[in-house]
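Okay, so here's the structure we're looking at.
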Amino acid sequence: MEKDDGPMSGITTVDKDIDLQELAAFVWREADILDRCDYDAWLALWTEDGHYIVPIGKGENYEDQVNVCYDDAKMRKMRVERFQQGFSISSAPPADTVRTVSRFVLQGATGDEIVLSCAEHVVENKFGRQRIYAANLTYTLVRSDDGLRIRNKVARLLNSDGELTAFSYLF
């Protein structure tokens, strides 16, 4: 990335090799996959070394803090299996969700990693009631021979340190 020294200081321009529209399309595709509960397709979006993280509070030392989720590949697969098998009280019955993802900002790109942030609203419908959750998402994406993959995804819920109910879906 290069710095723009124009009148809007602090605004960065996107590296010519990085297409913000491609990154947004990837995140929108993930949102569609999650709304359809196509969890096998969601698992295929990840690198083997990736982490799905829903932290509590503002800390960034995820390994040493309490998180709603801190899932490596094995834990992502186990979580998906619970959703698919209905053995979790939070996933029986599964909630219907509609996600809106917006405000895409390229945070940086080094080597094979691209860091992208965006905003997400999830509307959940379960047992005849709707709830809305908002989150700031940060993706660390990498390019593979098959396209973009998620290395890390951090979903910072606005009320993560408040009262949360059981979730029957992924953010």
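Bear in mind the structure is a predicted one, so any value in this text is a computation, not a measurement. Nothing fancy with the numbering, it's 1 onward along the sequence.
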Is the closest side-chain donor-acceptor distance between Thr47 and Asp49 under 3.5 Å?
-> yes

Taking all atoms of both residues into account, what is the closest heavy-atom pair of Pro55 and Ala155, and its distance?
-> CD-O, 3.3 Å

Verify whether the ring centers belonging to Trp42 and Tyr52 lie closer than 6.0 Å.
-> yes

Cys118 vs Val105 side-chain heavy atoms within contact, under 4.5 Å | no

Is there a side-chain contact between Asn125 and Thr97, using heavy atoms and a 4.5 Å cut-off?
-> no

N-O pairing of Asp72 and Arg76 below 4.0 Å | no

Do the ring planes of Phe83 and Tyr39 sit parallel (below 30°), tilted (30 to 60°) or perpendicular (above 60°)?
-> tilted

N/O donor-acceptor pair under 3.5 Å between Asp96 side chain and Lys126 backbone = no

Smallest separation among heavy atoms of Leu116 and Leu106, with atom names = CD1-N, 4.1 Å

Decide yes or no on side-chain contact (heavy atoms from CB on, under 4.5 Å) for Lys74 and Lys77, but give the supporting numbers first.
-> CA-CA 5 Å; Lys74 179 181 177 183; Lys77 186 174 183 192; 5.9 Å; no

Polar side-chain atom of Asn67 near backbone of Gln65 as donor-acceptor pair, under 3.5 Å | yes

What's the verdict on side-chain contact (heavy atoms from CB on, under 4.5 Å) for Val101 and Trp28, showing C-alpha distance, side-chain angles and the deciding distance?
-> CA-CA 7 Å; Val101 188; Trp28 288 327; 4.0 Å; yes

Is there a path of hydrophobic side-chain contacts, each under 4.5 Å between heavy atoms of I, L, V, M, F, W or Y residues, that connects Val115 with Leu141?
-> no

Asp112 with Arg143: basic N within carboxylate O range, under 4.0 Å | no

Taking the side chain as every heavy atom from C-beta outward, state whether Val122 and Asp35 have any pair of such atoms under 4.5 Å apart.
-> no

Are the ring centres of His51 and Tyr70 closer than 6.0 Å?
-> yes

Would you please test Val154 and Arg156 for side-chain contact (heavy atoms from CB on, under 4.5 Å) and show each step?
-> CA-CA 6 Å; Val154 179; Arg156 291 192 170 281; 4.1 Å; yes

For the pair Asp71 (side chain) and Ile53 (backbone), establish whether a donor and an acceptor sit closer than 3.5 Å, ignoring hydrogens and angles.
-> no

Look at the side-chain heavy atoms of Ile, Leu, Val, Met, Phe, Trp and Tyr, link any pair under 4.5 Å apart, and say whether Phe171 and Val68 land in one connected group.
-> yes

N/O donor-acceptor pair under 3.5 Å between Arg103 side chain and Glu120 backbone | no

Between Asn152 and Gly50 the two heavy atoms that sit nearest each other are OD1-C, 3.9 Å

ILVMFWY cluster, Tyr139 and Ile33 together (side-chain gap under 4.5 Å) = yes

Are Leu137 and Leu34 grouped together when hydrophobic residues (ILVMFWY) are joined by side-chain heavy atoms under 4.5 angstrom apart?
-> yes

Does Leu148 belong to the same Ile/Leu/Val/Met/Phe/Trp/Tyr cluster as Leu43, with side-chain heavy atoms less than 4.5 Å apart forming each link?
-> yes

Gap separating the CD atom of Gln84 from the CG atom of Asp38, nearest 0.5 angstrom = 9.0 Å

Here the pair of heavy atoms bringing Ala135 nearest to Leu157 is CB-CD2, 3.9 Å

Start with the C-alpha gap between Val142 and Ile114, add the side-chain angles, then the distance that decides, and say whether side-chain contact (heavy atoms from CB on, under 4.5 Å) holds.
-> CA-CA 6 Å; Val142 294; Ile114 301 164; over 6 Å; no

Any luck finding a side-chain donor-acceptor pair between Tyr133 and Glu124 under 3.5 Å?
-> no

Ion pair present between Lys153 and Glu30, side-chain N to carboxylate O less than 4.0 angstrom?
-> yes

Gln107 and Ser117 side chains, donor-acceptor separation under 3.5 Å | yes

If you draw a 6.0 Å radius around CZ in Arg29, do more than 12 non-hydrogen atoms from other residues or ligands fall strictly inside?
-> no

